[in-house]
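Shown next, in structure tokens, is the structure this report addresses.
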Amino acid sequence: MIIAIDGPAGSGKSSVARAVALRMGFHYLDTGAMYRAVAVAAMRRGIDLNDGVTLREFSKTRKISFAYEEGEVLPSRVYFGDEEMTDYIRSPEVDRAVSPVASCPELRGDMLAKQRMLGSKGNYVVEGRDIGSVVFPNAALKIFLTACVEERARRRSLQNETRGLPSDFDKILRGLKDRDEKDFNREIAPLTIADDAIEIDTTNMSEEEVVQAIVDVATKVRDKVCGPDGGANDDNCRGLPEIGDEYA
Ligand code: DC
């Protein structure tokens with residue numbers, strides 16, 4: 001079963017999606033990391049990020065894959081072919097550069113197929129912008145996380161500070177407004193709330209409150225979709241792979 005978690009930049013999707021996956025014993029797929037990995041790889045080679053045809057041809061030359069740190073339950077390493085992208089994909093430079101990559105229709109088609117293929121392998125929490133609306137329109141549970149842009153900027157600034165990245169609030173706020181504008185208004189797969197999604201405004205909620213609210217609903221949905229044994233014998237309800245497994 002799929003739990004789709006969508007929402008704008010800085011709405012806390014990644015932390016919440018990972019925590020929900022851990023608590024539910026589900027796989028986790030960060031679709032934004034896929035677009036980011038292509039953006040970094042293309043930038044390194046001087047490819048014009050607005051040239052959709054070249055970008056797509058280039059992205060097809062390598063496999064995007066996720067891998068686990070030793071002892072981790074969820075994957076946190078991202079590769080483009082053999083190139084490890086993990087340390088670069090969250091930089092402010094990539095924040096700014098990734099929008100044209102994600103808006104490229106040629107590339108989105110390939111990503112969609114890949115994301116569907118991965119998500120068909122069992123129980124997944126999938127986070128992104130178009131997961132409930134386009135990638136998995138039949139997801140068992142769709143969550144749309146929001147928060148006012150100032151709160152999102154405050155959170156991102158704190159997060160960057162912890163990671164040793166530039167954390168200037170005003171600059172982050174401007175960047176988020178710019179990405180909102182692009183994500184909501186782009187022609188292909190714009191950020192929209194699916195009709196059957198549950199919208200959670202997290203502005204005044206702690207991360208734990210948000211996670212708990214989602215886990216409460218997800219548990220009920222899983223019992224209904226997978227049965228009381230969690231679908232132990234059902235391929236569509238398989239939980240986490242063995243630690244150390246790699247998948248692409
Ligand atoms: O969630 P994120 O900030 O890591 O996403 C990076 C970029 O990719 C951002 O511009 C939105 C875009 N994206 C998308 O268009 N569709 C997705 N399913 C996930 C991310």
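All values below were derived from every heavy atom in this structure, side-chain atoms included, with hydrogens, water molecules and symmetry-related copies excluded. Just so you know, ligand 1 is whichever comes first in the structure, and atom 1 is the first atom listed for that ligand.
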Among all the protein's non-hydrogen atoms, which is closest to [atom], and how far away is it?
atom                    : value
atom 1 (O) of ligand 1  : R129 NH1, 2.8 Å
atom 18 (N) of ligand 1 : D130 OD1, 2.8 Å
atom 19 (C) of ligand 1 : T31 OG1, 3.3 Å
atom 16 (N) of ligand 1 : R108 NH2, 3.0 Å
atom 4 (O) of ligand 1  : R36 NE, 2.7 Å
atom 5 (O) of ligand 1  : G32 CA, 3.6 Å

Going by the angle between their ring planes, with limits at 30° and 60°, are F58 and F80 parallel, tilted or perpendicular?
-> tilted
Taking 4.0 Å as the limit for heavy-atom contacts, which would you say applies to [X] with ligand 1: side chain only, backbone only, both, or neither?
X    : value
V101 : neither
Q115 : neither
R179 : side chain

Contact atoms of ligand 1, heavy-atom distance to A102 under 4.0 Å = 8 (O), 12 (C), 15 (O)
Residue R186 vicinity, atoms of ligand 1 by number, heavy atom under 4.0 Å | 14 (C), 15 (O), 16 (N)
Please say whether E127 places an N or O atom under 3.5 Å from an N or O atom belonging to ligand 1.
-> no
Pick from R186, R174, R152: which one makes a salt bridge (charged side-chain N to carboxylate O under 4.0 Å, His left out) with D180?
-> R152
Would you say the side chain of D51 lies within less than 4.5 Å of the side chain of L49, judging by non-hydrogen atoms?
-> no
Are any of the side-chain heavy atoms of L29 and M34 separated by less than 4.5 Å?
-> yes
In plain terms, say whether [X] and [Y] are close enough for a salt bridge, that is, a side-chain N and a carboxylate O under 4.0 Å apart.
X    : Y    : result
E83  : R45  : yes
D6   : R129 : no
R155 : E151 : yes

State, without any angle test, whether S103 and E187 hold a side-chain donor-acceptor pair at a distance under 3.5 Å.
-> no
Side-chain donor-acceptor pair present, S91, E93, cut-off under 3.5 Å = no
Does even one non-hydrogen atom of M34 get within less than 4.0 Å of ligand 1?
-> no
